[in-house]
Amino acid sequence: MIQFLHVGKSFPGGRSALQDVSFQLERGEFAFLSGASGAGKTTLLKLIYREIEPTSGQILVNGRNVASIPRTKVPFLRRTIGVVFQNFRLISRKTVLENVSYLPRILGMSQQERKRLAYNTLRRVGLAHRMSAFPTELSGGEQQRVTIARALINRPEILIADEPTGNLDPELSWEILRLFLEINGKGTTVLLATHEHQYVRALGGRSLVLERGRLVVDEHVEGHVGDIESKPAEEAEDPIQPSTGDLM
Amino acid sequence: MIQFLHVGKSFPGGRSALQDVSFQLERGEFAFLSGASGAGKTTLLKLIYREIEPTSGQILVNGRNVASIPRTKVPFLRRTIGVVFQNFRLISRKTVLENVSYLPRILGMSQQERKRLAYNTLRRVGLAHRMSAFPTELSGGEQQRVTIARALINRPEILIADEPTGNLDPELSWEILRLFLEINGKGTTVLLATHEHQYVRALGGRSLVLERGRLVVDEHVEGHVGDIESKPAEEAEDPIQPSTGDLM
Amino acid sequence: MLARILGYFFSEAAVSLRRSWKVSLVAIVIIAMSLFIGGTFLLLTSNLTRVVENWRGDARIVVYLTADKVAREDSQVLQLASEPPWVTAVEEISATEARSRFEATFPSVRELFKDWKEEPLPPSLEIAFEAEGADDGQLDEWLVSLRAHPSVVMVDDDRDWLRQLEALIAILTGLGAVIGLVLLTAAIFTIASVIRLTAYLYRDEIEVMRLVGATELYIRGPFYVEGVVQGLLGGLLAIAALYGGYVVLNPKASTTFLGNVLVDRFLSPEALVFLLVIGSVAGLLGAVLSLRREELGQ
Amino acid sequence: MLARILGYFFSEAAVSLRRSWKVSLVAIVIIAMSLFIGGTFLLLTSNLTRVVENWRGDARIVVYLTADKVAREDSQVLQLASEPPWVTAVEEISATEARSRFEATFPSVRELFKDWKEEPLPPSLEIAFEAEGADDGQLDEWLVSLRAHPSVVMVDDDRDWLRQLEALIAILTGLGAVIGLVLLTAAIFTIASVIRLTAYLYRDEIEVMRLVGATELYIRGPFYVEGVVQGLLGGLLAIAALYGGYVVLNPKASTTFLGNVLVDRFLSPEALVFLLVIGSVAGLLGAVLSLRREELGQ
Ligand SMILES: Nc1ncnc2c1ncn2[C@@H]1O[C@H](COP(=O)(O)OP(=O)(O)OP(=O)(O)O)[C@@H](O)[C@H]1O
Ligand SMILES: Nc1ncnc2c1ncn2[C@@H]1O[C@H](COP(=O)(O)OP(=O)(O)OP(=O)(O)O)[C@@H](O)[C@H]1O
Ligand SMILES: [Mg+2]
Ligand SMILES: [Mg+2]
């Protein structure tokens, strides 16, 4: 459950990125956040996992006031939230496997377990064959998929995805969206920031639209689920490029 | 004029990203480069401005063999090529203005000239009001537009754009494409890597398609120019978000 | 649980050291250099202190006797001189011996005495004593009684000279301590700077770890371990360099008094352990200092 | 053209120093520390060398005369002694004066002479000379003629002692040079390391500049200027610290002989300029070294 109550955010220079934003997402909802470039989407998302703090208003995540969580407890909030960052944020000195299984590792999962879990998750995004590569050795879209795998690996309660398909071809994009839908079906709340209006139209769900920092639309859109099923099949036989063999 | 003759590229680990790629782009052409994630688009583009060197074959740019240009002369090749990098590559310790006017500066343009030129170019991408901001203070789409402005500022002979609208909303994307068309109209060769099939269909032009490192399509597509003109008007009144006032 | 976390720290630190060995090498060499400089001072001052300690042990009280003393009186003086418990040895120096000693010390003036008929210097008693054994009052009293004895011409008390020497040692030790402290601070600061630069280099990485849900323990632990390991390696390198320098310099230095004084013995095992500890602590301190300011949020 | 490029370098370096002042400060302080340590040695050795030079100037040849010499003979010796051109001064020391000098030097044994009727020490001539003025052959010849004179008892030649002193100075200077060189290398290496770390920190930035079409000149120039400026600032900081230490230590040190010898005078202007030059060169060298490996392309 994510609740924004009259949230405002101004940056040190005095720029206001969000003004009086209020909305409520129920557990298990699937919501789209859209808006023009610079409308405040990323800012809104950063507030949820407390990368930044609001300058006014209150934010509740699972009933807890995010701003009042003591600093040492913030990691525990973040562990329940999977985030696909707009700028990827991969650790360049760690391999794909290490990047993806970082959280399971510090949560104490055994090496074998971790590897299995990472392999399965990476397979879902079509990257199982690149597990031992470093991020700099990946294409843009491959990096983006590693980021997605990292966000999903711990089965988070909340999934936040900031423009997760900006570097992916339409086929892969639909595949990723289908993955999000599946995870949502298992109970994860999904909040997806995107420019692709077609996704909202096709999938349906909660639609939040920001305009220059203000929430101007908050509605439920009926999806045309046929679109999702047909789209990928229309344009590619096998949407996810098969791994080229060298697994593990 | 860009010419690829049986070009192949393998990375140190042994991964082959391009195989036997041959094509020729005439001066003033507008070409789309598409293909799934990891197909080799970025690799192909990097070869043109010699960020990397081919492992086999020859690349000619304006009649010169790129691989045989002596190291000290490479900057002069690059100055004739404007590049919109997929991962932006902005200098985080420099302001937007400084990033955009870096090349004019080392080419010896006066400060006033530079500022005027940068202002005009940034205005074209809707960012004139953020000239003194640092890249980290910009949204993803704003950073992408700074990168575009930097590529355009020197009126390059060749414009290479790698997924230049991945972080932009459709309205802005069409506006950027229109900008590229305009520049192309003035004689600049444009090579645009993108996942958006709709661009190719709408604008028409040369279409190159890569599949797992091989060039599988090289054709001319007829555009439906009506699409370009109507698209933005359809969905937004003013595609480019107006500057919020504080100029220079 | 603890073993798991420590295991995590060490394996992360090992991977980081391996993948960024260039940066690590810079840090290690800087630590080594700081410790090498510090160790050089330690080597010089420890040898100097040892020499001064020897001098201190050589301090004597010299009782000059009348040349015409009779044996009985002499043994009386001898008894008076040996009486106090802090006296460790009394040596009788005859007039002949005194002259030959003087001539040995000042060969250039030996000709002066050549034609003299009587011995130029009086016989004397050299009294070795433990400076710590007696309080000054008792010693002074005893000196007065010695001086009062009829067959004693004069009592020459090395303590004046010893006091000066002790003041000198105090100054040298103080100077050494100050220089050592300055150098150590410099070393720690240098190391901290390097580790801070390194942390700055990896600030994005650290930020990502935080954003993904790692607690400070997990973020900092590997850096701390890395700091300690770098410090230890730096210490080992410094010791190797010091030993190399010692082996090269020692044969040359021993031909001169000063050289001999300065690089006679290599550092004691305790001093070597001390260097390693200082290195590790500096590495740890550097890591702690450099990560201290890395606050949440940016 | 050149002015424009230099202007570009300096303004870029200034902006960079301002925007990354934390990193720059680390570099500056490390340079300052290296130069401070080097400067301390310079200060100590320059004072020591000066003292030794004074001693060298004080070297004398002492001619001991028979106590019963007559005035005529004496003036004959005096003439013989003053004859050579390299003799700068001849001082006559009477027997009484010799005794009082001896007593002043060895106060503890003054009582020994109390009862003597005749003067214990002979009169003498102290001859000051320029060691550089005479070749050893001439000097030896002259000494032989002096020794042969009937009223001369003995000639004491300070040159033996002087030769030993000179050997000692040579060793000290050598040692100082070696330590100085080691420290300087250490300083340059430290600085290079820091600048290399800094360059590593900004490798993305450098790569972008290359990709956008900047020539190496434009990329490296500002870093070189930054290195030099950091070196200069580090040098100034070191001089300030040295002066601070000098002002604090000097009054305390002057109460002891050793302290007095070591920190009597501050560094000469030439030495200060030398420190600044070393700082700048080290900064430049660090920048050059650190950018050397940054090759095109990756
Ligand atoms: N650290 C910052 N300092 C100052 N202004 C900032 C900062 N971060 C973001 N902004 C500004 O706040 C506004 C909203 O930014 P935000 O990143 O939320 O936009 P967005 O909706 O995610 O845009 P995009 O689709 O381009 O990613 C932008 O105008 C941006 O310039
Ligand atoms: N430095 C590298 N080392 C090893 N492999 C690399 C390296 N750079 C790219 N590759 C591989 O080469 C292939 C092509 O990469 P490229 O970046 O050209 O793809 P792309 O078509 O641009 O994909 P995207 O649309 O995802 O950006 C990918 O499989 C990638 O993993
Ligand atoms: Mg954003
Ligand atoms: Mg790419």
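Note that the structure is predicted; figures quoted are calculated from it, not measured. Numbers restart at 1 for each chain; the letters A, B, ... are given by sequence-line order, proteins then strands.
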- Got a sec: does the CZ of A:Phe23 have more than 12 other heavy atoms crowding it under 6.0 Å? yes
- Item | C:Tyr243 atom OH, over 12 foreign heavy atoms within 6.0 Å | no
- Can you list the steps and then say if A:Glu51 with C:Arg210 is a salt bridge (charged side-chain N to carboxylate O under 4.0 Å, His left out)? CA-CA 9 Å; A:Glu51 182 174 345; C:Arg210 289 215 174 96; over 6 Å; no
- Nearest 0.5 Å, what's the CD-OG1 distance between C:Glu216 and A:Thr72? 9.5 Å
- Rounded to the nearest 0.5 Å, what's the gap from CD1 on A:Ile106 to CD1 on C:Ile219? Could you check? 7.5 Å
- Atom pair CD (C:Glu205) and CG (A:Leu90), whose distance is rounded to the nearest 0.5 Å: 11.5 Å
- Message: Tell me which of these, C:Val208, C:Leu211, C:Thr215, has more heavy-atom pairs under 4.5 Å with chain A than the rest.
- Response: C:Leu211
- With a 4.5 angstrom heavy-atom cut-off, which part of A:Phe88 approaches chain C: side chain, backbone, both or neither? neither
- What part of A:Arg150 lies closer than 4.5 angstrom to a heavy atom of chain C: side chain, backbone, both or neither? side chain
- Would you check, one step at a time, whether the test salt bridge (charged side-chain N to carboxylate O under 4.0 Å, His left out) holds for A:Lys94 with C:Glu12? CA-CA 10 Å; A:Lys94 288 188 188 290; C:Glu12 280 292 278; 2.6 Å; yes
- Message: Around atom CD of A:Glu26, are there more than 12 heavy atoms from other residues, nucleotides or ligands closer than 6.0 Å?
- Response: yes
- A:Ile81 versus chain C, heavy atoms under 4.5 Å apart: side chain, backbone, both or neither? neither
- Message: So for A:Ser110, is it side chain, backbone, both, or neither that comes closer than 4.5 Å to the heavy atoms of chain C?
- Response: neither
- Query: Do other residues, nucleotides or ligands put more than 12 heavy atoms under 6.0 Å from the CZ atom of C:Arg4?
  - Reply: yes
- Message: Would you say A:Arg105 and C:Ser11 are linked by a side-chain donor-acceptor pair, where the criterion is simply a distance under 3.5 Å?
- Response: yes
- Query: Where do A:Pro75 and C:Gly213 come nearest, in terms of heavy atoms and distance?
  - Reply: CB-O, 3.5 Å
- Query: For the atom pair OH (C:Tyr218) and CG (A:Leu107), what is the distance rounded to the nearest 0.5 Å?
  - Reply: 8.0 Å
- Is the backbone of A:Arg93 close enough, under 3.5 Å, to the side chain of C:Arg19 for a donor and an acceptor to pair up by distance? yes
